[in-house]
Engineer: 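My structure is below; once you've seen it, I'll send some questions.
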Amino acid sequence: MLGHIYRLIAEFEQSHGVHPNLLYLNRFHSEHLVEALDTAMSMSDIRDLLKMELIIDHDIMHPHVAWTHTANKLAS
């Protein structure tokens with residue numbers, strides 16, 4: 001899961017010239033992400049590590065990334 005997310009980030013950066021600041025996941029994806037990192041990490045720790053806000057929604061079929069000015073303001 002983590003490798004897939006890093007590929008999404010790299011592809012987004014290459015296409016748009018900016019690091020994405022939103023990661024869309026469903027609950028299943030988020031659980032796998034925690035397992036891939038360290039189960040002691042909180043979602044806040046993961047958000048800080050990835051430098052992105054996490055959007056968790058059961059309707060999301062596949063993880064994807066995006067950039068928005070609003071999320072960029074929240075992070076600063």
Engineer: Are Met1 and Pro63 packed together at the side-chain level, in the sense that at least one heavy-atom pair is separated by less than 4.5 angstrom?
Structural biologist: yes
Engineer: Which pairs count as side-chain hydrogen bond (donor to acceptor under 3.5 Å, both in side chains) when at least one residue sits in residues 10-19, sequence neighbours excluded?
Structural biologist: Glu13-His19
Engineer: For a 4.5 angstrom cut-off between non-hydrogen side-chain atoms, does Met41 reach Leu49?
Structural biologist: yes
Engineer: Which value, rounded to the nearest 0.5 Å, describes the distance between Leu22 atom CG and Phe12 atom CZ?
Structural biologist: 8.5 Å
Engineer: Tell me if a side-chain donor or acceptor on Asn21 pairs with a main-chain N or O of Lys51 at a distance below 3.5 Å.
Structural biologist: no
Engineer: Nearest 0.5 Å, what's the CG-CD1 distance between Asn26 and Ile56?
Structural biologist: 9.0 Å
Engineer: Does the side chain of Met43 reach to within under 4.5 Å of the side chain of Val34, using non-hydrogen atoms?
Structural biologist: yes
Engineer: So, for Ala66 and Tyr24, which heavy atoms are closest and what is the spacing to 0.1 Å?
Structural biologist: CB-CE1, 4.0 Å
Engineer: Identify the heavy atoms of Leu2 and Ala36 that sit nearest to each other, and give their distance.
Structural biologist: CB-CB, 4.3 Å
Engineer: Which atom pairs, one a donor and one an acceptor, fall under 3.5 Å between side chains of residues 3-10 and the rest of the protein, sequence neighbours left out?
Structural biologist:
none

Engineer: Count I, L, V, M, F, W, Y as connected when their side-chain heavy atoms are under 4.5 Å apart, and connections chain through other members. Are Met61 and Val65 then in the same cluster?
Structural biologist: no
Engineer: Closest heavy-atom contact between Asp57 and Asp59?
Structural biologist: OD1-N, 2.9 Å
Engineer: To the nearest 0.5 Å, how far apart are CG in Leu33 and CD1 in Ile46?
Structural biologist: 4.5 Å
Engineer: For residues 29-61, which residue pairs pass the ring pair (Phe, Tyr, Trp, His ring centres under 6.0 Å) check, not counting sequence neighbours?
Structural biologist: Phe28-His32
Engineer: Starting at CD1 of Ile55, measure out to OG of Ser30 and round the result to the nearest 0.5 Å.
Structural biologist: 12.0 Å
